[in-house]
Student: 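Here you go, one structure.
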Amino acid sequence: MTRKTGELKKRCWLAKQRLKMGYFDSLRQENEQSENNKQIGSSPIVEYSMRVNRLAEVAASASAADEKMYRKVCDILDSNEITLNPIGQLIERDVYDGLDSAGKQRYVLELSEKFRELQERYYRERTGS
């Protein structure tokens with residue numbers, strides 16, 4: 001019985017974290033963008049202008065710290081080595097060491113979400129889609 005309640009609590013906690021991180025909002029935005037793409041059509045000019053607009057939005061919304069982190073992510077992904085712990089390479093030790101245990105967990109979760117977003121951006125820019 002306690003095993004089932006422990007699993008339930010874990011799933012509830014994970015769902016709460018997804019809500020806090022805005023997972024569903026970003027998913028809704030992606031769905032709306034894909035629906036807009038279908039409505040507009042798929043001419044090459046429209047696709048190119050949408051790609052340019054998307055890159056401009058990304059560049060405008062990114063701060064200097066995000067760009068610095070993006071460069072680190074690019075270095076990690078460009079290296080030919082297999083990276084076992086990319087989040088560990090992105091952690092700023094002075095910030096991390098000053099946090100309590102809950103803060104450390106939150107910091108790592110936020111950092112992993114940011115890494116995932118920057119990794120997606122990296123592959124989007126490399127593949128041109």
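Keep in mind the model is a prediction, meaning the values are calculated, not measured.
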Student: Mind checking the CD-CE spacing from E92 to M69? Nearest 0.5 Å is all I need.
Tutor: 6.5 Å

Student: How many angstroms lie between CG in L77 and NZ in K72, if you round to the nearest 0.5 Å?
Tutor: 14.0 Å

Student: Would K10 and E7 pass as an ion pair if we require N to O under 4.0 Å?
Tutor: no

Student: Of all heavy-atom pairs between R93 and G88, which one has the smallest distance, and what is that distance?
Tutor: NH2-O, 4.2 Å

Student: Say you draw a straight line from CG of L111 to NZ of K104; how long is it, rounded to the nearest 0.5 Å?
Tutor: 14.5 Å

Student: Pick out which of E125, K114, Q119 makes a side chain to side chain donor-acceptor pair (under 3.5 Å) with Y70.
Tutor: E125

Student: Mind checking the CD1-CD spacing from I76 to Q89? Nearest 0.5 Å is all I need.
Tutor: 4.0 Å

Student: Kindly indicate whether the side chain of I87, heavy atoms from C-beta on, has any atom under 4.5 Å from the side chain of N85.
Tutor: yes

Student: Where is the tightest heavy-atom contact between L90 and Y107, given as atom of each residue plus distance?
Tutor: O-OH, 4.5 Å

Student: Do R121 and E67 sit within salt-bridge range, that is, some charged N less than 4.0 Å from a carboxylate O?
Tutor: yes

